[in-house]
K.L.:
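Before anything else, here's the structure in question.
Model, not experiment: these values are computed from the prediction.
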Amino acid sequence: MAALTGLSCLFLPLLGHLPKAYAATDPYEAENATLSQAAVATNRTGYSGTGFVDYTNVAGSSVEFTVNATAGSTSLAVRYANGTTTDRPLDISVNGTVVASGVSFGGTGSWDTWATKTISAQLVAGTNTVRASATTANGGPNLDHLDIGTPATGGPAVPFGSHTFPYAAGMLKPSGSQSTIDQAVLKTYNAWKSAFVRKNCGNGWYEVISPDADHPYVAEAQGYGMVVTATMAGADPEAKTVFDGLVKYMLAHPSVNNANLLAAEQDASCKSVDGSDSATDGDLDVAYGLLLADKQWGSTGTYDYKDLAVKHINAIKKSEVNPTTHLMLFGDWSDSGESHYWMTRSSDWMIDHFRAFRTATGDSTWDTVRTAHQNLITSQQSKYASGTGLLADFVVNTNTTAKPAPGEVLESPNDGDYSWNACRDPWRIGADAVTSGDSASLASARKLNSWIKAKTGGDPDKIASGYHLNGSVFDSGNDMAFTAPFAVTALTDSGSQAWLDALWNKLATTSIDPDLYYGGSVQLQSMIVASGNYWVP
């Protein structure tokens with residue numbers, strides 16, 4: 001079996017058959033496909049049908065299959081042979097959109113030895129085209145046939161691409177067909193998974209690695225992984241396996257202060273370090289991911305997702321919510337005798353999560369928590385950023401008159417600016433706005449959208465990576481962590497279609513950088529929301 005290279009997470013294990021989540025159909029023979037700079041041949045053995053296709057040795061030579069399918073995520077299994085030791089990569093396109101670029105088709109030992117390479121792709125109901133195009137002067141491997149899978153019963157309740165939960169009335173979506181939009185998300189997800197999802201520490205654990213964070217593994221990353229994986233179920237046949245591995249990792253790394261919370265940081269050996277206490281943002285997403293998993297797969301399997309979620313939610317309430325202000329603390333290490341107790345971080349103000357926690361637990365405290373945060377967002381925008389809507393990374397004096405941090409209080413001299421924490425706020429606020437239609441969230445999201453659209457003249461390349469609350473730039477760099485979230489707030493404004501399309505094109509055409517976990521993770525999750533695939537359990 002040839003080693004997988006490039007976007008390796010695109011490929012399912014090469015077991016000679018389709019994954020269990022799919023039922024096989026009759027194969028589409030390559031000799032019956034549409035050929036460009038390729039020819040039907042019969043001079044090898046072991047092929048099916050009446051022949052196979054031999055690519056001309058030029059870049060751009062291609063085989064295009066016309067297939068029938070039901071709508072949804074489907075496996076595409078390509079049977080091929082490569083009698084050389086040189087990789088012959090192919091771009092795989094569905095309905096004209098590249099869904100997997102530079103897919104490796106390495107040597108199979110001889111031209112008479114056939115192997116199967118399988119990827120996942122979104123197909124539309126009815127007729128689809130699947131094209132395999134050579135990317136190098138060596139052309140492609142010999143192609144025998146294409147198998148497509150059919151989504152079987154017993155899968156996730158809300159498969160990616162099903163759009164089961166429509167957004168609030170009046171929300172925009174990027175221009176173009178929904179299948180093309182969904183395919184762009186799936187392509188980014190596959191690249192993100194390849195770059196950051198790992199099994200580095202054994203024990204049946206999966207981890208999301210964070211090469212650009214202070215430690216190789218941080219709670220925020222594991223939370224992102226759980227939310228993303230549960231959301232992408234149906235598009236990724238491995239989603240439940242990965243999710244359960246992330247759960248196992250989470251349970252093996254409890255906070256020392258509250259065992260139902262996740263320790264914030266682990267070293268390269270997956271050992272908790274720096275006090276083994278918690279970080280609120282990670283815990284919020286862990287709990288939310290568990291609620292998504294309960295809705296997707298139920299809670300009667302290896303893990304009782306619902307029970308774990310409620311335990312996590314109750315632990316957040318006990319140890320990460322200030323009982324006086326009802327605002328989120330930084331972690332379970334901040335108590336009434338600690339200097340950060342009357343501070344809060346704007347990127348922890350996850351309004352839709354609080355709604356989900358209320359639904360899951362029936363605890364009205366979460367209504368109080370949600371309202372407190374929405375009121376704080378509104379007041380901070382009005383008092384300190386009336387022309388921009390920007391929020392500070394950190395807010396202080398929450399027990400008296402809450403205001404942006406006057407300087408460094410936890411991370412940097414820009415703690416009172418719109419910096420590397422607050423850059424996620426348009427995504428978080430916008431996610432609640434589009435799913436709930438809440439007037440306060442919509443107003444806050446629209447403030448941010450109006451300002452950034454005007455500030456950049458509608459050019460996403462002009463979004464900087466750091467602003468003072470008055471809108472002046474203090475860091476002129478560009479990073480997806482700052483760019484991507486504004487695609488979510490653009491959904492809320494009926495006059496922002498061109499701006500949304502410009503942002504979406506930027507996100508859809510920007511490759512995941514394997515060294516930048518943070519920006520890549522924010523990019524993917526912003527795309528999930530902007531594509532209409534986000535939902536609140």
Side-chain angles (χ1 to χ4, degrees), residues 212-214 218 220 279-281 325 327-331 334 339-351 373-398 400-430 443-457 459-490 503 516 518-519 521-523 526:
D212 48 331
D214 290 341
V218 293
E220 166 197 274
T280 297
D281 56 351
T325 64
L327 300 173
M328 304 312 297
L329 299 167
F330 296 158
S334 182
S339 62
H340 300 89
Y341 189 64
W342 302 110
M343 301 181 191
T344 186
R345 175 171 33 213
S346 63
S347 53
D348 295 343
W349 305 346
M350 303 180 198
I351 308 303
H373 286 89
Q374 288 186 285
N375 290 342
L376 184 60
I377 292 169
T378 299
S379 64
Q380 290 295 297
Q381 286 184 318
S382 175
K383 291 180 181 178
Y384 301 104
S386 59
T388 66
L390 295 173
L391 299 169
D393 274 12
F394 299 98
V395 170
V396 301
N397 296 352
T398 57
T400 53
T401 301
K403 65 178 183 178
E408 183 169 355
V409 296
L410 188 68
E411 293 185 1
S412 81
N414 295 112
D415 282 352
D417 294 311
Y418 182 83
S419 191
W420 288 95
N421 288 287
C423 62
R424 295 171 285 185
D425 294 347
W427 153 41
R428 297 297 197 183
I429 295 170
S444 295
R446 286 167 176 162
K447 278 182 183 291
L448 289 161
N449 178 67
S450 295
W451 169 75
I452 192 64
K453 182 170 66 169
K455 177 74 174 179
T456 61
D459 182 355
D461 289 331
K462 293 182 179 178
I463 297 175
S465 55
Y467 293 95
H468 298 300
L469 299 189
N470 65 6
S472 61
V473 174
F474 69 81
D475 187 338
S476 59
N478 300 105
D479 193 282
M480 269 293 143
F482 286 82
T483 302
F486 285 115
V488 181
T489 51
L503 284 161
L516 298 178
Y518 186 65
S521 298
V522 174
Q523 175 184 349
S526 297

K.L.:
Return the set of residues passing ring pair (Phe, Tyr, Trp, His ring centres under 6.0 Å) with W342 (not counting sequence neighbours), or none when no residue passes.
P.N.:
none
K.L.:
Counting only N and O atoms by type, is there a donor-acceptor contact under 3.5 Å from the side chain of T388 to the main-chain atoms of L469?
P.N.:
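Judged by distance alone, yes, a pair lies under 3.5 Å.
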K.L.:
What orientation do Y418 and Y467 show, parallel under 30°, tilted 30 to 60°, or perpendicular over 60°?
P.N.:
tilted
K.L.:
Are side-chain heavy atoms of M328 and D281 found at a separation under 4.5 Å?
P.N.:
no
K.L.:
Counting C-beta onward and ignoring hydrogens, is there a side-chain heavy-atom pair between T325 and L376 closer than 4.5 Å?
P.N.:
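Not touching, per the 4.5 Å side-chain cut-off.
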K.L.:
Could you check L516 against M480 for side chain to side chain contact (heavy atoms under 4.5 Å, CB included), going step by step and ending with a plain yes or no?
P.N.:
CA-CA 9 Å; L516 298 178; M480 269 293 143; over 6 Å; no
K.L.:
What verdict does the side chain to side chain contact (heavy atoms under 4.5 Å, CB included) test give for I377 and L391, after you've listed the backbone C-alpha separation in whole Å, the side-chain angles of each residue and the deciding distance to 0.1 Å?
P.N.:
CA-CA 8 Å; I377 292 169; L391 299 169; 4.2 Å; yes
K.L.:
Around K403, counting heavy atoms of other residues, nucleotides and ligands shown, do more than 12 lie under 6.0 Å from its NZ?
P.N.:
no
K.L.:
Quick one: list whatever passes side-chain contact (heavy atoms from CB on, under 4.5 Å) with A213, sequence neighbours left out.
P.N.:
S210, V218
K.L.:
Looking only at the side chains, is there a donor atom on one of S419 and D417 sitting less than 3.5 Å from an acceptor on the other?
P.N.:
no
K.L.:
Would you say D425's side chain and L390's backbone share a donor-acceptor pair under 3.5 angstrom?
P.N.:
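Absent.
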K.L.:
Has the side chain of T456 got a donor or acceptor atom that lies under 3.5 Å from a matching backbone atom of I452?
P.N.:
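Checked: pair present.
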K.L.:
Measure the spacing between CG of D393 and OG1 of T344 and express it to the nearest 0.5 Å.
P.N.:
11.5 Å
K.L.:
With a 3.5 Å distance limit and no angle check, can you tell me whether S526 reaches the backbone of V522 through a side-chain donor-acceptor pair?
P.N.:
yes
K.L.:
Please identify each residue that fulfils side-chain contact (heavy atoms from CB on, under 4.5 Å) with L329, with sequence neighbours left out.
P.N.:
N322, S334, Y341
K.L.:
Restricting to side-chain contact (heavy atoms from CB on, under 4.5 Å), what partner residues turn up for K447, sequence neighbours left out?
P.N.:
Q381
K.L.:
Between H373 and L327, is the side chain to side chain contact (heavy atoms under 4.5 Å, CB included) condition met? List the steps.
P.N.:
CA-CA 6 Å; H373 286 89; L327 300 173; 3.8 Å; yes
K.L.:
What's the verdict on side chain to side chain contact (heavy atoms under 4.5 Å, CB included) for I429 and T489, showing C-alpha distance, side-chain angles and the deciding distance?
P.N.:
CA-CA 8 Å; I429 295 170; T489 51; 5.7 Å; no
K.L.:
According to side chain to side chain donor-acceptor pair (under 3.5 Å), who are the partners of R424, at least two apart in sequence or on a separate chain?
P.N.:
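Only E220, Y224, S347, N421, Y518 meet the side chain to side chain donor-acceptor pair (under 3.5 Å) criterion with R424.
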K.L.:
Is any side-chain heavy atom of V488 closer than 4.5 Å to a side-chain heavy atom of P426?
P.N.:
no
K.L.:
Mind checking what makes ring pair (Phe, Tyr, Trp, His ring centres under 6.0 Å) contact with F330, not counting sequence neighbours?
P.N.:
H340, F394
K.L.:
Heavy atoms, side chains only, cut-off 4.5 Å: are L410 and D415 in contact?
P.N.:
yes
